[in-house]
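The structure appears below as structure tokens.
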There are 2 protein chains.
Amino acid sequence: MFELDMRSRKPIYEQLVDKMKELIMNEVLKPDEQVPSVRTLATELTINPNTIQKAYRELETQGFIYSIKGKGSFVNPNHKIRDSEKIKTIKQELEKLILEALFIGISVNELIQTIQELDSAKGGGDEND
Amino acid sequence: MFELDMRSRKPIYEQLVDKMKELIMNEVLKPDEQVPSVRTLATELTINPNTIQKAYRELETQGFIYSIKGKGSFVNPNHKIRDSEKIKTIKQELEKLILEALFIGISVNELIQTIQELDSAKGGGDEND
DNA sequence: TAAGTGTACTATGATTCATAATACAGTTGT
DNA sequence: ACAACTGTATTATGAATCATAGTACACTTA
């Protein structure tokens with residue numbers, strides 16, 4: 001289910017958070033679907049349960065999953081809450097990266113095209129605003 | 001010249017790299033302009049010279065400055081080299097962030113507008129592509 | 001030569017990462 | 001009630017990273 005790079009300088013739990021977010025955003029993991037248990041995933045990936053728990057805690061903080069003691073952890077269906085703090089953070093990071101992209105010579109059109117491709121690839125379920 | 005957050009979990013040298021990149025990309029620091037010396041900046045910021053050196057080494061690796069032994073460190077004027085490795089990396093990071101932005105409900109138009117604002121804010125010196 | 005520059009190396013303490021080993025609390029099915 | 005599964009919490013240990021300190025060397029400039 002996951003591929004981890006043990007030699008990477010990026011912590012394992014962060015890699016896990018990123019992979020899981022990807023799967024959720026691409027709807028490979030559906031809303032309210034149960035994700036592997038801490039111990040199961042730890043066994044599968046041959047890493048420590050505490051590392052999984054750390055990743056899951058982070059995913060819960062970021063609003064991607066919710067956990068119920070004794071039952072398991074599940075994909076959070078309540079996105080689009082427009083958590084203003086989170087939006088602010090993402091926008092800041094995004095601006096930093098866009099600035100750098102423009103700086104090294106990536107064109108505006110190239111960026112816009114990338115956005116549109118990613119948007120149409122993702123369901124296209126709602127076109128609000 | 002810089003404001004550092006000593007309590008942040010982000011390493012000081014990384015904060016320095018980011019700030020410096022910003023100043024260079026916003027052309028506050030002009031091409032071939034000399035940046036503060038390792039020891040000078042260390043004294044100003046009350047941090048260790050080795051930390052500055054680490055930041056400068058990283059900035060040199062990323063192509064933002066070049067250093068000459070005995071003379072100093074200077075802003076690299078050779079951007080737009082379209083270093084394919086770097087472009088690839090930035091594009092990957094960008095796609096990850098854009099995906100997340102779309103996911104939490106930021107609209108395509110909002111993203112495009114952000115790009116255009118950043119582009120016109122930056123000089124507008126060349127409109128190639 | 002003196003004072004400035006970048007660069008390199010070793011060493012130390014604080015912090016983080018990943019691990020190990022337990023323990024407790026809640027749910028489910030028998 | 002019991003066994004087996006879930007999430008959660010705690011303490012401890014070793015490895016790695018971060019920031020510091022101190023020292024040294026090479027080069028440039030006045």
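In the text below, chain A, chain B and the rest are named by the order of the sequence lines, each starting its count at 1. The figures that follow rest on heavy atoms only: side chains count, while hydrogens, waters and symmetry mates do not.
Among the atoms of the strands shown, none is found under 4.0 Å from any heavy atom of E14(A). Residue-level contact check: S37(B) touches the backbone only, with heavy atoms under 4.0 Å from sugar-phosphate atoms and none from bases.
Applying the 4.0 Å criterion to OP1 and OP2 of dG4(C), one finds that K71(B) has every side-chain N and O outside that range. For T40(B) and dT5(C), the shortest distance from a side-chain N or O to OP1 or OP2 is below 4.0 Å. Residue S67(B) places none of its side-chain N or O atoms closer than 4.0 Å to OP1 or OP2 of dG6(C). The side chain of S73(B) contributes an N or O atom lying less than 4.0 Å from OP1 or OP2 of dG6(C). The phosphate of dC17(C) (OP1 or OP2) has a side-chain N or O of Y13(A) nearer than 4.0 angstrom.
Rounding to whole angstrom units, CD of residue E60(A) and C1' of dT8(D) are separated by 11 Å. Computed from coordinates, the Q34(B) CD to dT5(C) C1' distance equals 8 Å when rounded to whole Å. The nearest whole Å value for the distance from the NZ atom in K69(A) to the P atom in dT27(C) is 9 Å. Separating the CG atom of D5(B) from the P atom of dA19(D) is a distance of 12 Å, rounded to the nearest angstrom. When the C1' atom of dC9(C) is taken as reference, atom CG of N50(B) falls 10 Å away, rounded to whole Å. Following rounding to the nearest Å, F74(B) (CZ) and dG6(C) (C1') show an atom-to-atom distance of 10 Å. Rounded to an integer number of Å, the gap from Q53(B) CD to dG22(D) C1' is 14 Å. Rounding to whole angstrom units, CZ of residue R9(B) and P of dT15(C) are separated by 14 Å.
The nearest pair of heavy atoms linking I65(B) to S73(B) is CD1-CB, 4.2 Å.
Salt-bridge formation is not detected for the pair K10(B)/D5(B): no Lys NZ or Arg NE/NH1/NH2 atom is positioned less than 4.0 Å from an Asp or Glu carboxylate oxygen. Between E22(B) and K96(A), none of the side-chain N atoms (NZ, or NE/NH1/NH2) sits under 4.0 Å from a carboxylate O, so this pair counts as no salt bridge. Under the 4.0 Å criterion applied to side-chain N and carboxylate O atoms, E100(B) and K86(A) are assigned as salt-bridge partners. Using a 4.0 Å cut-off between charged side-chain N and carboxylate O, E14(A) and R9(A) make no salt bridge.
Toward the 5′ end of DNA chain C lies the nearest nucleotide of K54(A), the other residue of the pair K54(A) and I68(A) mapping further downstream.
Within 3.5 Å, a donor on the side chain of R39(A) pairs with an acceptor on the base of dG7(D), or the reverse.
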